[in-house]
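Counting begins at 1 with the first residue of the sequence. Everything numeric here is computed off the predicted structure, so don't read it as measured data.
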Amino acid sequence: MENSTVCFYFNLTMFVNIGHYRYLAFVFCLLLYSFIVSANLVIILVISRERTLHEPMYMFVSLLSVNSLYGSTGFFPRFLRDLLSDTHLISRPACFSQIYVIYTYASYEMTILSIIAYDRYVAVCHPLHYHRKMTSTTVIKLAALAWIFPAFGLIACIYLSARLPLCGNEIQKVFCANWNVVKLSCVTTVANNIYGLLLTISTVFFPLFYVLYTYLRIVLVCWNSSAEFKGKVLQNCLPHVISFVIYSIIGFCDIALSRYNIEEINPFVAVILSLEFVVIPPVLNPLVYGLKLPEIRKHILRLLS
């Protein structure tokens with residue numbers, strides 16, 4: 001084993017020196033964060049105020065907005081501070097706290113998208129049984145499952161990473177990431193790798209394949225249906241499909257980037273790619289669901305008028 005050190009601070013090395021342009025970048029990111037907070041709060045406010053929107057699909061959409069606020073708040077305040085700083089050191093407790101918040105946010109996004117897929121599957125494939133299956137109790141249980149399982153799964157993951165002796169403190173990211181910390185280990189990380197793989201399968205690939213399965217069933221039901229029925233299904237399912245496809249793509253890009261030699265990529269491109277999954281979903285979700293779902297759009301316009 002190499003000489004290990006107790007790292008009280010980690011150094012985030014992907015911040016590019018852009019001189020005075022960092023003030024412009026700070027203002028842009030501050031406005032972006034303000035938009036994320038405002039747009040998602042509007043979605044939550046509209047759904048909570050309007051009794052006609054107290055249906056399972058809209059409640060799950062509000063969960064996506066809550067998760068967007070959670071994830072962006074775990075990332076942006078620290079990131080904005082680092083943009084104006086000459087040093088990018090983060091304490092060990094703050095680093096692992098940020099890992100927990102960002103990784104649970106990412107897991108929640110996928111699990112919530114999977115329960116929205118289940119809701120749409122029941123609504124399209126079993127419409128006569130929808131209200132019997134999607135009761136308030138069922139909605140609460142699904143929401144609790146979507147939040148609780150990743151929360152406890154990530155606690156164990158971070159515990160395994162925090163106990164590793166490290167032979168360095170440089171993290172090639174603009175925020176703390178679990179795999180980048182594990183790569184600094186002086187000892188074998190077999191247990192971390194196995195647990196990380198199992199956690200990824202359960203919180204990413206299982207929901208991914210389940211969403212694909214539900215939409216395959218929905219397509220089969222729509223295949224021989226009327227044009228009017230297909231139009232209604234498309235109107236209700238399209239926002240979810242857009243969110244799911246985009247999140248899957250940027251999630252794959254982030255996983256691939258963490259396994260790739262970051263020094264071979266242009267620094268600006270590497271920073272943009274690493275920011276995708278903490279920026280795009282919180283920005284996109286309120287736009288997609290707010291503009292594409294007629295009921296939400298109608299009440300937003302009424303609220304803003």
Side-chain angles (χ1 to χ4, degrees), residues 1-19 21-22 25-26 29 33 70-107 150-151 153-197 199-200 251 253-279:
M1 183 178 79
E2 299 178 36
N3 292 331
S4 63
T5 58
V6 178
C7 298
F8 295 103
Y9 289 89
F10 291 101
N11 185 21
L12 304 174
T13 62
M14 271 185 64
F15 281 93
V16 181
N17 183 9
I18 54 176
Y21 288 109
R22 63 182 176 177
F26 174 85
C29 291
Y33 179 47
Y70 169 70
S72 57
T73 302
F75 167 72
F76 272 100
R78 171 77 204 192
F79 179 70
L80 289 170
R81 194 184 84 173
D82 282 334
L83 279 176
L84 298 181
S85 177
D86 294 322
T87 59
H88 307 106
L89 298 177
I90 182 170
S91 69
R92 186 183 179 93
C95 184
F96 283 110
S97 297
Q98 189 179 59
I99 290 173
Y100 181 78
V101 171
I102 290 177
Y103 278 58
T104 49
Y105 149 76
S107 300
L154 264 301
I155 288 175
C157 182
I158 289 176
Y159 169 75
L160 289 173
S161 300
R163 61 194 285 272
L164 291 173
L166 304 179
C167 289
N169 73 333
E170 292 190 349
I171 295 177
Q172 292 182 318
K173 282 266 193 179
V174 292
F175 57 88
C176 286
N178 187 65
W179 177 244
N180 295 77
V181 173
V182 171
K183 287 194 293 185
L184 298 174
S185 174
C186 305
V187 298
T188 179
T189 59
V190 173
N192 298 71
N193 295 338
I194 293 174
Y195 184 81
L197 179 61
L199 189 63
T200 302
C253 290
D254 186 74
I255 293 172
L257 183 67
S258 66
R259 264 56 176 181
Y260 196 77
N261 184 1
I262 208 73
E263 295 177 356
E264 298 179 7
I265 306 176
N266 181 284
F268 290 100
V269 174
V271 169
I272 291 171
L273 289 176
S274 68
L275 291 177
E276 281 183 332
F277 91 103
V278 292
V279 173

Considering all heavy atoms, the nearest [X]-[Y] contact:
| X | Y | answer |
| --- | --- | --- |
| H88 | R78 | C-NH2, 4.4 Å |
| L80 | C29 | CD2-CB, 3.6 Å |
| N192 | S161 | ND2-N, 3.5 Å |
| L164 | L160 | CG-O, 3.5 Å |
| L184 | G168 | CD1-O, 3.6 Å |

List the residues meeting side chain to side chain donor-acceptor pair (under 3.5 Å) with [X], not counting sequence neighbours, and say none if there are none.
| X | value |
| --- | --- |
| N193 | T189 |
| Y103 | none |
| N180 | none |

Quiz item: Under 3.5 Å, side chain of T104 to main-chain N/O of V101, donor-acceptor pair present?
Solution: yes
Quiz item: Under 3.5 Å, is there a donor-acceptor pair between the side chain of S185 and the main chain of V187?
Solution: yes
Self-check item: D82 and R22 ion-paired at < 4.0 Å
Solution: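 No.
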With a 4.5 Å heavy-atom cut-off, do [X] and [Y] have their side chains touching?
| X | Y | result |
| --- | --- | --- |
| I171 | T13 | no |
| F79 | V174 | yes |
| V278 | S72 | no |

Quiz item: What do you reckon, are the aromatic ring centroids of F75 and F175 less than 6.0 Å apart?
Solution: yes
Practice problem: Would you mind listing every salt bridge (charged side-chain N to carboxylate O under 4.0 Å, His left out) that reaches into residues 94-107, with sequence neighbours excluded? | Solution: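 Listed by first then second residue: nothing to list.
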Practice problem: Only pairs at least two apart or in different chains count here, so list each salt bridge (charged side-chain N to carboxylate O under 4.0 Å, His left out) that has a residue in residues 166-179. | Solution: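 Passing the test, one end in residues 166-179: K173-D254.
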Self-check item: Steps toward side chain to side chain contact (heavy atoms under 4.5 Å, CB included) verdict (L154, L199)
Solution: CA-CA 8 Å; L154 264 301; L199 189 63; 3.8 Å; yes
Quiz item: If you measure from SG on C95 to CG on N11, what distance do you get to the nearest 0.5 Å?
Solution: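 C95 SG to N11 CG: 11.0 Å, rounded to 0.5 Å.
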Exercise. Working to the nearest 0.5 Å, report the span between CZ of R92 and CD1 of I90.
Key: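 Nearest 0.5 Å value for the CZ-CD1 distance: 12.5 Å.
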Quiz item: When F76 is tested against each of Y70, Y33, Y105 for ring-ring contact (aromatic ring centres under 6.0 Å, His included), which residue passes?
Solution: Y33
Quiz item: Does the side chain to side chain contact (heavy atoms under 4.5 Å, CB included) test come out yes or no for C157 and Y195, once each step is laid out?
Solution: CA-CA 7 Å; C157 182; Y195 184 81; 3.7 Å; yes
Quiz prompt | Residues that I158 engages under side chain to side chain contact (heavy atoms under 4.5 Å, CB included), provided they are two or more places apart | solution =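 F96, I99, Y100.
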